[in-house]
Number of protein chains: 2
Amino acid sequence: MQHCCPPDGREVDRAGEAVLFKALSDPHRLAIVAMLSAAADEICVCNFTSELPLNQPTVSHHLRILREAALVTCERRGTWVYYRLSSDAGARIASAVSSILSEAIAA
Amino acid sequence: MQHCCPPDGREVDRAGEAVLFKALSDPHRLAIVAMLSAAADEICVCNFTSELPLNQPTVSHHLRILREAALVTCERRGTWVYYRLSSDAGARIASAVSSILSEAIAA
DNA sequence: CGCTAATATCGACCTATGTCGATGCAGCAT
DNA sequence: ATGCTGCATCGACATAGGTCGATATTAGCG
(Lines give C-alpha, C1' and ligand atoms only; values in the text may rest on other atoms or scores of the structure.)
Protein backbone atom coordinates (compact mmCIF):
# COMPACT_ATOMS: atom_id res chain seq x y z
CA MET A 1 0.00 0.00 0.00
CA GLN A 2 1.39 3.33 -1.00
CA HIS A 3 1.51 6.40 1.16
CA CYS A 4 0.68 10.06 0.76
CA CYS A 5 3.56 11.85 2.43
CA PRO A 6 6.49 11.03 4.68
CA PRO A 7 5.47 10.99 8.33
CA ASP A 8 7.49 12.57 11.06
CA GLY A 9 6.68 11.54 14.59
CA ARG A 10 6.80 14.00 17.43
CA GLU A 11 5.01 13.57 20.72
CA VAL A 12 4.72 16.99 22.24
CA ASP A 13 2.33 17.89 25.01
CA ARG A 14 0.42 21.04 24.15
CA ALA A 15 -1.66 20.95 27.32
CA GLY A 16 -0.04 24.03 28.80
CA GLU A 17 -0.71 26.19 25.79
CA ALA A 18 -4.21 24.75 25.53
CA VAL A 19 -5.02 25.92 29.06
CA LEU A 20 -3.91 29.41 28.12
CA PHE A 21 -6.03 29.52 24.99
CA LYS A 22 -8.95 27.96 26.82
CA ALA A 23 -8.83 30.79 29.33
CA LEU A 24 -9.09 33.18 26.39
CA SER A 25 -11.84 31.28 24.63
CA ASP A 26 -14.77 33.06 26.25
CA PRO A 27 -15.96 36.49 25.05
CA HIS A 28 -16.57 37.72 28.58
CA ARG A 29 -13.12 36.70 29.74
CA LEU A 30 -11.66 38.43 26.69
CA ALA A 31 -13.60 41.53 27.68
CA ILE A 32 -12.12 41.33 31.17
CA VAL A 33 -8.60 40.96 29.84
CA ALA A 34 -9.15 43.77 27.36
CA MET A 35 -10.43 46.05 30.10
CA LEU A 36 -7.42 45.27 32.24
CA SER A 37 -5.04 45.80 29.37
CA ALA A 38 -6.67 49.05 28.32
CA ALA A 39 -6.65 50.33 31.87
CA ALA A 40 -3.01 49.35 32.29
CA ASP A 41 -3.88 49.34 35.94
CA GLU A 42 -5.83 47.37 38.47
CA ILE A 43 -9.61 47.19 38.24
CA CYS A 44 -12.04 46.51 41.05
CA VAL A 45 -14.32 43.49 40.75
CA CYS A 46 -17.35 45.71 41.16
CA ASN A 47 -16.39 47.38 37.89
CA PHE A 48 -16.53 44.09 36.01
CA THR A 49 -19.80 43.23 37.68
CA SER A 50 -21.34 46.53 36.67
CA GLU A 51 -20.03 46.63 33.13
CA LEU A 52 -20.54 43.03 32.07
CA PRO A 53 -23.97 41.54 31.40
CA LEU A 54 -23.30 38.90 34.02
CA ASN A 55 -24.26 38.31 37.60
CA GLN A 56 -21.69 38.62 40.30
CA PRO A 57 -21.05 34.88 40.80
CA THR A 58 -20.46 34.46 37.09
CA VAL A 59 -17.97 37.30 37.05
CA SER A 60 -16.21 35.71 40.00
CA HIS A 61 -16.14 32.43 38.10
CA HIS A 62 -14.46 33.97 35.08
CA LEU A 63 -11.97 35.82 37.24
CA ARG A 64 -11.06 32.55 38.89
CA ILE A 65 -10.34 30.92 35.54
CA LEU A 66 -8.12 33.82 34.53
CA ARG A 67 -6.43 33.60 37.93
CA GLU A 68 -5.78 29.88 37.58
CA ALA A 69 -4.35 30.48 34.14
CA ALA A 70 -2.04 32.99 35.82
CA LEU A 71 -3.17 35.66 33.41
CA VAL A 72 -4.32 37.95 36.20
CA THR A 73 -3.44 38.54 39.82
CA CYS A 74 -5.65 39.93 42.54
CA GLU A 75 -5.14 41.86 45.72
CA ARG A 76 -7.65 42.49 48.44
CA ARG A 77 -7.74 46.02 49.77
CA GLY A 78 -10.40 46.57 52.35
CA THR A 79 -13.74 45.38 51.13
CA TRP A 80 -12.74 45.40 47.52
CA VAL A 81 -10.60 43.09 45.45
CA TYR A 82 -8.54 44.55 42.65
CA TYR A 83 -7.39 42.60 39.63
CA ARG A 84 -4.56 43.39 37.28
CA LEU A 85 -2.98 41.69 34.30
CA SER A 86 -0.03 39.51 35.20
CA SER A 87 3.17 41.21 34.20
CA ASP A 88 4.10 38.30 31.97
CA ALA A 89 0.62 37.75 30.53
CA GLY A 90 1.48 39.15 27.14
CA ALA A 91 4.80 37.34 27.03
CA ARG A 92 3.22 34.01 27.94
CA ILE A 93 0.54 34.37 25.31
CA ALA A 94 3.04 35.37 22.66
CA SER A 95 5.25 32.49 23.70
CA ALA A 96 2.40 30.04 23.39
CA VAL A 97 1.51 31.33 19.95
CA SER A 98 5.05 31.19 18.66
CA SER A 99 5.52 27.78 20.23
CA ILE A 100 2.65 26.51 18.11
CA LEU A 101 3.39 28.43 14.97
CA SER A 102 7.14 27.85 15.19
CA GLU A 103 7.79 31.38 14.23
CA ALA A 104 9.10 34.26 16.27
CA ILE A 105 6.34 36.78 16.81
CA ALA A 106 7.54 38.66 19.84
CA ALA A 107 10.58 40.80 19.21
CA MET B 1 -22.44 54.70 48.47
CA GLN B 2 -18.87 55.30 47.52
CA HIS B 3 -17.05 53.69 44.65
CA CYS B 4 -13.71 52.03 44.14
CA CYS B 5 -12.57 53.35 40.77
CA PRO B 6 -14.00 55.34 37.91
CA PRO B 7 -15.86 53.14 35.45
CA ASP B 8 -15.52 53.38 31.73
CA GLY B 9 -18.18 51.74 29.63
CA ARG B 10 -17.33 50.02 26.39
CA GLU B 11 -19.46 47.40 24.74
CA VAL B 12 -17.22 45.47 22.42
CA ASP B 13 -18.04 42.10 20.98
CA ARG B 14 -15.15 39.71 21.47
CA ALA B 15 -16.98 36.77 19.95
CA GLY B 16 -14.77 36.63 16.86
CA GLU B 17 -11.57 36.44 18.82
CA ALA B 18 -13.16 33.96 21.19
CA VAL B 19 -13.89 31.59 18.31
CA LEU B 20 -10.26 31.76 17.27
CA PHE B 21 -8.96 31.03 20.74
CA LYS B 22 -11.56 28.32 21.22
CA ALA B 23 -10.26 26.60 18.11
CA LEU B 24 -6.83 26.67 19.73
CA SER B 25 -8.01 25.52 23.13
CA ASP B 26 -7.59 21.80 22.56
CA PRO B 27 -4.20 20.07 22.85
CA HIS B 28 -4.84 17.86 19.85
CA ARG B 29 -5.84 20.77 17.66
CA LEU B 30 -2.73 22.59 18.80
CA ALA B 31 -0.73 19.55 17.78
CA ILE B 32 -2.34 19.61 14.35
CA VAL B 33 -1.59 23.30 13.88
CA ALA B 34 1.95 22.80 15.13
CA MET B 35 2.50 19.92 12.71
CA LEU B 36 1.21 22.02 9.85
CA SER B 37 3.31 24.98 10.84
CA ALA B 38 6.43 22.88 11.27
CA ALA B 39 5.89 21.19 7.95
CA ALA B 40 5.32 24.54 6.25
CA ASP B 41 3.47 22.44 3.72
CA GLU B 42 0.32 20.45 3.32
CA ILE B 43 -0.23 17.30 5.36
CA CYS B 44 -2.46 14.38 4.50
CA VAL B 45 -5.25 13.50 6.92
CA CYS B 46 -3.89 9.99 7.21
CA ASN B 47 -0.79 11.48 8.80
CA PHE B 48 -2.79 13.12 11.56
CA THR B 49 -4.73 9.93 12.09
CA SER B 50 -1.58 7.90 12.43
CA GLU B 51 0.34 10.31 14.63
CA LEU B 52 -2.38 11.41 17.01
CA PRO B 53 -3.81 9.15 19.72
CA LEU B 54 -7.26 9.64 18.25
CA ASN B 55 -9.58 7.68 16.04
CA GLN B 56 -10.24 8.82 12.53
CA PRO B 57 -13.66 10.42 13.18
CA THR B 58 -12.22 12.43 16.04
CA VAL B 59 -9.39 13.70 13.86
CA SER B 60 -11.95 14.66 11.26
CA HIS B 61 -13.92 16.49 13.92
CA HIS B 62 -10.93 18.56 15.00
CA LEU B 63 -10.01 19.33 11.40
CA ARG B 64 -13.52 20.59 10.84
CA ILE B 65 -13.28 22.97 13.77
CA LEU B 66 -9.98 24.34 12.49
CA ARG B 67 -11.55 24.65 9.04
CA GLU B 68 -14.54 26.55 10.38
CA ALA B 69 -12.21 28.86 12.24
CA ALA B 70 -10.51 29.44 8.89
CA LEU B 71 -7.19 28.44 10.39
CA VAL B 72 -6.65 25.67 7.85
CA THR B 73 -7.73 24.91 4.31
CA CYS B 74 -8.08 21.55 2.66
CA GLU B 75 -7.84 20.18 -0.82
CA ARG B 76 -8.89 16.79 -2.07
CA ARG B 77 -6.43 15.10 -4.40
CA GLY B 78 -7.50 11.67 -5.46
CA THR B 79 -8.32 9.55 -2.47
CA TRP B 80 -6.50 11.77 -0.02
CA VAL B 81 -7.31 15.13 1.51
CA TYR B 82 -4.46 17.48 2.27
CA TYR B 83 -4.60 20.22 4.88
CA ARG B 84 -2.43 23.29 5.13
CA LEU B 85 -2.32 26.32 7.38
CA SER B 86 -4.26 29.28 6.06
CA SER B 87 -1.88 31.88 4.75
CA ASP B 88 -3.25 34.44 7.17
CA ALA B 89 -3.52 32.13 10.16
CA GLY B 90 -0.58 33.66 11.97
CA ALA B 91 -1.69 37.17 11.16
CA ARG B 92 -5.22 36.56 12.37
CA ILE B 93 -4.01 35.06 15.63
CA ALA B 94 -1.58 37.88 16.21
CA SER B 95 -4.29 40.37 15.37
CA ALA B 96 -6.66 38.78 17.87
CA VAL B 97 -4.02 38.83 20.59
CA SER B 98 -3.07 42.44 20.01
CA SER B 99 -6.73 43.41 19.76
CA ILE B 100 -7.22 42.09 23.26
CA LEU B 101 -3.96 43.22 24.76
CA SER B 102 -4.03 46.58 23.00
CA GLU B 103 -0.39 46.31 22.22
CA ALA B 104 1.40 45.61 18.96
CA ILE B 105 2.97 42.19 19.02
CA ALA B 106 3.51 41.47 15.37
CA ALA B 107 6.31 43.42 13.82
C1' DC C 1 -21.67 42.44 68.77
C1' DG C 2 -24.87 42.80 65.00
C1' DC C 3 -25.45 44.98 60.39
C1' DT C 4 -24.29 45.95 55.75
C1' DA C 5 -21.44 45.51 51.66
C1' DA C 6 -18.24 43.17 48.41
C1' DT C 7 -16.45 38.56 46.79
C1' DA C 8 -16.03 33.87 46.74
C1' DT C 9 -17.88 29.34 46.85
C1' DC C 10 -21.59 25.87 46.28
C1' DG C 11 -25.27 23.34 43.96
C1' DA C 12 -28.12 22.89 40.17
C1' DC C 13 -29.24 23.50 35.57
C1' DC C 14 -28.58 23.35 30.61
C1' DT C 15 -25.67 23.50 26.81
C1' DA C 16 -21.32 22.70 24.52
C1' DT C 17 -17.61 19.65 23.55
C1' DG C 18 -14.43 15.58 22.92
C1' DT C 19 -14.71 10.91 21.89
C1' DC C 20 -16.01 6.79 19.55
C1' DG C 21 -18.60 3.16 16.64
C1' DA C 22 -21.46 2.88 12.70
C1' DT C 23 -22.58 4.56 8.46
C1' DG C 24 -22.27 7.30 4.16
C1' DC C 25 -19.69 8.94 0.28
C1' DA C 26 -16.13 9.81 -3.15
C1' DG C 27 -12.48 7.97 -5.79
C1' DC C 28 -9.61 4.27 -7.49
C1' DA C 29 -8.76 -0.59 -8.98
C1' DT C 30 -9.92 -5.01 -10.56
C1' DA D 1 -20.47 -3.47 -11.15
C1' DT D 2 -18.11 -4.92 -7.12
C1' DG D 3 -15.10 -4.13 -3.88
C1' DC D 4 -11.77 -1.43 -1.24
C1' DT D 5 -9.76 2.74 0.82
C1' DG D 6 -9.63 7.41 2.76
C1' DC D 7 -12.35 10.74 4.79
C1' DA D 8 -16.71 13.00 6.41
C1' DT D 9 -20.96 12.80 8.81
C1' DC D 10 -24.22 10.94 12.25
C1' DG D 11 -25.84 9.37 16.74
C1' DA D 12 -24.81 8.43 21.29
C1' DC D 13 -22.37 8.98 25.35
C1' DA D 14 -19.74 11.16 29.13
C1' DT D 15 -17.65 15.10 30.69
C1' DA D 16 -16.64 19.98 30.82
C1' DG D 17 -18.24 24.66 30.95
C1' DG D 18 -21.27 29.00 31.47
C1' DT D 19 -24.92 30.78 34.13
C1' DC D 20 -27.56 31.76 38.11
C1' DG D 21 -29.71 31.70 42.98
C1' DA D 22 -28.44 30.71 47.57
C1' DT D 23 -25.07 30.73 50.93
C1' DA D 24 -20.57 31.47 53.03
C1' DT D 25 -16.67 34.52 53.93
C1' DT D 26 -14.33 38.71 54.80
C1' DA D 27 -14.10 43.50 55.95
C1' DG D 28 -15.71 47.85 57.59
C1' DC D 29 -19.08 50.44 60.67
C1' DG D 30 -22.11 51.86 64.47
Side-chain angles (χ1 to χ4, degrees), chain A residues 1-5 7 13-15 17-33 35-36 42-69 71-84, chain B residues 1-5 7 13-15 17-33 35-36 42-69 71-84:
Chain A
M1 153 181 172
Q2 53 175 338
H3 234 101
C4 38
C5 37
D13 189 30
R14 310 286 180 181
E17 292 91 336
V19 169
L20 249 191
F21 290 124
K22 183 161 300 204
L24 297 173
S25 68
D26 179 274
H28 295 134
R29 284 197 291 274
L30 286 185
I32 292 176
V33 171
M35 285 175 64
L36 287 170
E42 53 189 13
I43 294 184
C44 174
V45 174
C46 65
N47 256 272
F48 297 123
T49 304
S50 65
E51 296 200 17
L52 294 175
L54 298 172
N55 280 21
Q56 178 266 321
T58 306
V59 171
S60 215
H61 167 72
H62 287 306
L63 288 172
R64 175 217 269 267
I65 292 182
L66 292 174
R67 234 187 304 136
E68 289 175 347
L71 285 174
V72 303
T73 58
C74 63
E75 176 193 346
R76 171 155 225 139
R77 212 143 62 230
T79 309
W80 297 295
V81 177
Y82 296 84
Y83 279 75
R84 67 168 64 240
Chain B
M1 154 182 171
Q2 55 176 336
H3 236 101
C4 36
C5 36
D13 189 30
R14 311 286 180 181
E17 292 91 335
V19 170
L20 248 193
F21 290 124
K22 183 163 299 202
L24 297 173
S25 68
D26 180 273
H28 296 136
R29 285 197 291 273
L30 286 185
I32 292 176
V33 172
M35 286 174 65
L36 286 171
E42 52 189 14
I43 295 184
C44 174
V45 173
C46 66
N47 256 272
F48 297 123
T49 304
S50 65
E51 296 197 18
L52 294 175
L54 298 172
N55 281 20
Q56 179 265 319
T58 306
V59 171
S60 216
H61 167 72
H62 287 306
L63 288 173
R64 174 216 269 269
I65 291 182
L66 292 174
R67 235 186 306 134
E68 291 177 343
L71 285 174
V72 303
T73 59
C74 64
E75 174 192 347
R76 170 157 225 137
R77 210 142 64 229
T79 309
W80 298 296
V81 177
Y82 296 85
Y83 279 75
R84 66 168 65 241

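In what follows, chains are A, B, ... by sequence order, proteins preceding strands, each numbered from 1. Excluded from the calculations below are hydrogen atoms, water molecules and symmetry mates; all remaining heavy atoms, backbone and side chain alike, are included.
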Check the distance between [N]'s [atom2] and [X]'s [atom1] and give it to me in whole angstrom.
X: A/His28; N: D/dG17; atom1: NE2; atom2: C1'; result: 14 Å
X: B/Asn55; N: D/dC13; atom1: CG; atom2: C1'; result: 15 Å
X: B/Leu54; N: D/dA8; atom1: CG; atom2: P; result: 14 Å
X: A/Leu30; N: D/dG18; atom1: CG; atom2: P; result: 11 Å
X: B/Gln56; N: C/dC20; atom1: CD; atom2: P; result: 11 Å
X: B/Phe21; N: D/dG17; atom1: CZ; atom2: P; result: 18 Å
X: A/Asn47; N: C/dA6; atom1: CG; atom2: C1'; result: 13 Å
X: A/Trp80; N: D/dT25; atom1: CH2; atom2: C1'; result: 17 Å

Original post:
Within the structure shown, what part of the strands sits under 4.0 Å from A/Arg29 by heavy-atom distance: base, sugar-phosphate, or nothing?
Top reply: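 The residue A/Arg29 makes sugar-phosphate contact but no base contact.
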
Distance test, side-chain N/O of [X] to OP1/OP2 of [N], below 4.0 Å:
X: B/Thr79; N: C/dC28; value: no
X: A/Tyr82; N: C/dA6; value: no
X: A/Tyr83; N: C/dA6; value: no
X: A/Arg76; N: C/dA8; value: no
X: A/Lys22; N: D/dG17; value: yes

Original post:
How are the rings of A/Phe48 and A/Tyr83 set to each other: parallel, tilted or perpendicular (split at 30° and 60°)?
Top reply: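 Ring orientation, 0 to 90° scale: perpendicular.
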
Original post:
Near DNA chain C, under 4.0 Å by heavy atom, which residues of residues 60-67 of chain B?
Top reply: B/His61, B/His62, B/Ile65

**OP:** Please determine, for the side chain of A/Pro57, which listed nucleotide (C/dA22, C/dC10, D/dC7) has the closest atom?
**Re:**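 Side chain of A/Pro57 sits closest to C/dC10.
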
Subject >> Check: B/Ser60 side chain, B/Gln56 main-chain N or O, donor-acceptor pair, under 3.5 Å >> reply: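 Checking the backbone N and O of B/Gln56 against the side chain of B/Ser60, no donor-acceptor pair under 3.5 Å is found.
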
**OP:** Give a yes or no answer on whether the side chain of B/Thr58 reaches the backbone of B/Leu54 with a donor-acceptor pair at less than 3.5 Å.
**Re:**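 Checked: no pair found.
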
Subject >> Approximate separation, where rounding is to 0.5 Å, of A/Ile32 CD1 and A/Leu52 CG >> reply: 5.5 Å

Subject >> Separation of A/Arg29 CZ from A/Leu71 CG (nearest 0.5 Å) >> reply: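 Rounded to the nearest 0.5 Å, the CG-CZ separation comes out at 10.0 Å.
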
Original post:
Which atoms form the tightest heavy-atom contact between B/Ala18 and A/Asp26, and what is the distance?
Top reply: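 Where B/Ala18 meets A/Asp26 most closely, the heavy atoms are CB-C, 4.1 Å.
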
Subject >> Row check, B/Tyr82 ring normal vs B/Arg76 NZ/CZ: under 6.0 Å, within 45° >> reply: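 Geometry flag: not set, cation outside 6.0 Å or 45°.
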
Subject >> Of A/Arg77 and A/Thr58, the one whose closest DNA chain D nucleotide lies more 5' >> reply: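 Nearest-nucleotide comparison on DNA chain D picks A/Thr58.
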
